[in-house]
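The next block holds one structure in the form of structure tokens; read it before the comments.
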Amino acid sequence: MCGIVAIVSHQAVNQDLYDALTVLQHRGQDAAGIVTCENGRLHLRKDNGLARDVFTNDQMLRLRGNMGIAHVRYPTAGCTSSAEAQPFYVNSPFGLTLAHNGNLTNTEELKKALFDEDQRHINTDSDSEVLLNVFAHELQTLHKSDLTVADIFEAVKGTHRRCRGAYAVVIMIAGVGILGFRDPNGIRPAIFGERRTEEGSEFMIASESVALDVLGFEIIRDIEAGEAIFIEQSGKLHTHQCAEKVDHCPCIFEYVYFARPDSIIDNISVYKARLRMGEKLAAKVQREWADHDIDVVIPIPDTSRTAALQMANKLGVKFSEGFIKNRYIGRTFIMPGQKMREKSVRQKLNAIDLEFNGKNVLLVDDSIVRGTTSAQIIQMARDAGAKKVYFASAAPPVRYPNVYGIDMPAAHELIAHDRSEDEIRDEIGADKLIYQNLDDLIAAVQKGNPEILHFDTSCFSHEYITGDVDDAYLERISALRNDGAQTKSNSANFIIEMQNCD
């Protein structure tokens, strides 16, 4: 999962872009980058690490210009080389830079076509560089030096025809403007807004609405599935539906785990969706375990807190904060390598013994992926004196990989893959395990926007909306995503200035 930002302003955008990245840091902690445009010249800074570590004061001063895009990343195929930090750049045509959230499912096919037919060289293993070169080729085939907005939208149409998978994209055309678009299924989120100033309107595109809120932009709406918007450097906005066929199917895991609770995605409040997840879980307990002996509901910080609080309210059970989180440890789900994830759990969470001692506790988490973290947390609760430890997941069993931009591990590393719920319960050491039903999860999210008829639930249901994911494909990504393949490359700090080559 990644975070993207783009701003067209009447003033310097470097600080706003940086602030937006800090707000979206939860979407990726592996790398960060900003590129700005000043009089046709591009200024780029990117490297591995958190935004606060990648950008020094001197480097920020070099990011001059009133237009720019930015990106925070975690890797979706195991590689963490700084060469794959975004934004990416190609000089032809016009000078293009791209930031991408998602994952293409036909990358290898596109790479071959780019080399054999388009005569374009791909320098990394990133599908984002592939996507940029596909768009660049589509734009270049128009053979025009006087670029028009219609040309840009035509290039997006060509990109849709060639690319499959999930992509929310911002592209800056040096000296011209900024383009944003979503794949025809709208799997990954993108929203845009406006900020009115004395000099005129300024526009911003971001992965989540919270970034617009923090910077004082008024939300206009989400970019629709298959739609493209283009903002001229002068601040003029254009929109166009570029997909031949649209089937809006947003990723439901955004609402379960990734997005901030104060965001609104596709007109659905993440916070409200998580409240309803808690209500659905409580209703399941009341249906299937009416004589429960739960003394206290305790969330596993932070994403599950909203669902856990509502669950406790509906059950009429005490809610307590039983774990204190060290906020200076990274999210274990994103960390490469199982040993690092296991080592970080006790550094990340510390139990308050008084909330556990002598009690039957229900721990609530947003989901269970590998299960090793869940097992360690359950043991922490027992060590703190809990009599019984029950475990509830706000999501159904994660049995299959996500191929649309979430770096879930290979299927054999998922604890729920080929296991029953009783077997999972025994594996993590819980006295009882309660999973959300998939229909209940869908209902909890869909209530916020009934116009969305279905969601990408592939990691739960094995149904891949793009129709091009088979067992052979899953085996290939398994080889890339397993813990043994995830090795960290040495990074080098660098600052690049590029002259626009028209």
Side-chain angles (χ1 to χ4, degrees), residues 4 6 8 35-37 39-42 44 65 67-69 71 86-102 104 106-107 109-124 126-184 190 192 203 205 223-224 226-234 236-244 498-502:
I4 59 172
V8 175
V35 60
T36 59
C37 184
N39 299 323
R41 179 182 288 261
L42 299 176
L44 171 67
M67 179 172 69
I69 65 175
H71 187 266
Q86 297 185 39
F88 280 114
Y89 166 78
V90 291
N91 72 324
S92 178
F94 307 108
L96 306 173
T97 57
L98 167 144
H100 165 219
N101 175 30
L104 301 183
N106 63 333
T107 304
E109 172 189 325
L110 289 170
K111 278 184 179 179
K112 188 175 188 308
L114 283 168
F115 185 81
D116 293 343
E117 301 169 21
D118 302 347
Q119 298 177 333
R120 284 183 169 269
H121 173 69
I122 304 300
N123 198 50
T124 71
S126 173
D127 64 322
S128 302
E129 188 188 11
V130 172
L131 179 57
L132 173 58
N133 277 273
V134 168
F135 176 81
H137 179 76
E138 293 298 317
L139 195 61
Q140 193 162 32
T141 54
L142 298 171
H143 296 294
K144 290 185 177 181
S145 58
D146 53 336
L147 186 64
T148 67
V149 174
D151 296 332
I152 295 168
F153 288 148
E154 198 63 36
V156 176
K157 292 178 183 179
T159 303
H160 284 329
R161 285 191 292 268
R162 296 179 66 179
C163 295
R164 296 194 299 271
Y167 47 93
V169 178
V170 288
I171 294 176
M172 182 164 63
I173 306 175
V176 179
I178 285 178
L179 169 71
F181 59 93
R182 292 172 80 182
D183 66 79
F192 68 103
F203 292 94
I205 305 168
I223 298 177
E224 296 178 3
E227 184 186 27
I229 71 169
F230 183 72
I231 308 156
E232 296 183 37
Q233 193 166 7
S234 63
K236 187 176 181 180
L237 174 68
H238 307 265
T239 67
H240 188 68
Q241 177 54 254
C242 296
E244 296 173 358
M498 299 172 292
Q499 177 67 44
N500 177 32
C501 303
D502 286 333

Show the numbers, then the answer: is there a side chain to side chain contact (heavy atoms under 4.5 Å, CB included) between Ile122 and Phe115? CA-CA 8 Å; Ile122 304 300; Phe115 185 81; over 6 Å; no

Quick one, Val149 with Lys236, criterion side chain to side chain contact (heavy atoms under 4.5 Å, CB included). Give me CA distance, side-chain angles, the key distance, then yes/no. CA-CA 11 Å; Val149 174; Lys236 187 176 181 180; over 6 Å; no

Under the side chain to side chain contact (heavy atoms under 4.5 Å, CB included) criterion, do Phe88 and Val90 qualify, and how do the steps go? CA-CA 7 Å; Phe88 280 114; Val90 291; over 6 Å; no

Show your reasoning for whether side chain to side chain contact (heavy atoms under 4.5 Å, CB included) applies to Phe135 and Leu96. CA-CA 9 Å; Phe135 176 81; Leu96 306 173; 3.9 Å; yes

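Shown here for Cys163 and Leu110, the closest heavy-atom pair between the two residues is SG-CD1, 3.9 Å. Among all heavy-atom pairs drawn from Ile178 and Gly68, the shortest one is CD1-O, 3.4 Å. Here the closest heavy-atom approach between residue Ile4 and residue Val169 is recorded as CD1-N, 3.9 Å. Of all non-hydrogen atoms in Asp183 and Ala166, the two that sit nearest each other are OD2-CA, 3.4 Å. Residues Glu138 and Gly158 approach most closely at OE1-CA, 3.5 Å, considering heavy atoms. Closest non-hydrogen pair, Leu139 versus Asp151, comes out as CD1-O, 3.9 Å.
Between Leu147 and Ile173 the shortest side-chain heavy-atom distance falls below 4.5 Å. Cys37 is listed as a side-chain neighbour of Leu42, based on a closest heavy-atom distance under 4.5 Å. Considering only heavy atoms from C-beta on, Val176 stays 4.5 Å or farther from Phe94 through its side chain. You'll find the side chain of Leu132 stays beyond 4.5 Å of the side chain of His100, heavy atoms only. Side-chain atoms of Phe192 and Leu237, non-hydrogen and from C-beta on, do get closer than 4.5 Å to each other.
Note: Lys111 NZ to Asp116 CG = 13.5 Å, rounded to the nearest 0.5 Å. For the atom pair Tyr89 OH and Thr97 OG1, the distance stands at 9.0 Å (nearest 0.5 Å). With rounding to the nearest 0.5 angstrom, the CZ atom of Arg182 is 14.0 Å from the SG atom of Cys242. How far OG of Ser126 is from CG of Leu104: 8.5 Å, rounded to the nearest 0.5 Å.
Across His121, Gln119, Arg120, a single residue satisfies side chain to side chain contact (heavy atoms under 4.5 Å, CB included) together with Leu114, and that is Arg120. Leu179 pairs with exactly one of Ile69, Ile231, Ile152 by the side chain to side chain contact (heavy atoms under 4.5 Å, CB included) rule, that one being Ile152. Exactly one residue among Phe153, Phe230, Phe181 makes a side chain to side chain contact (heavy atoms under 4.5 Å, CB included) with His240. That residue is Phe153.
In this structure, Gln86 contributes its side chain and His71 its backbone to no donor-acceptor pair below 3.5 Å. Side-chain atoms of Glu129 come within 3.5 Å of backbone N or O of Asn123 as a donor-acceptor pair. Side-chain atoms of Asp118 do not come within 3.5 Å of backbone N or O of His137 as any donor-acceptor pair. Within the 3.5 Å criterion, the main-chain N or O of Gly226 finds no donor-acceptor partner in the side chain of Glu224.
Between His160 and Tyr167, a ring centre-to-centre spacing shorter than 6.0 Å is recorded.
Listed by first then second residue, pairs satisfying salt bridge (charged side-chain N to carboxylate O under 4.0 Å, His left out) with a partner in residues 163-174 read Glu109-Arg164, Arg164-Asp468, not counting sequence neighbours.
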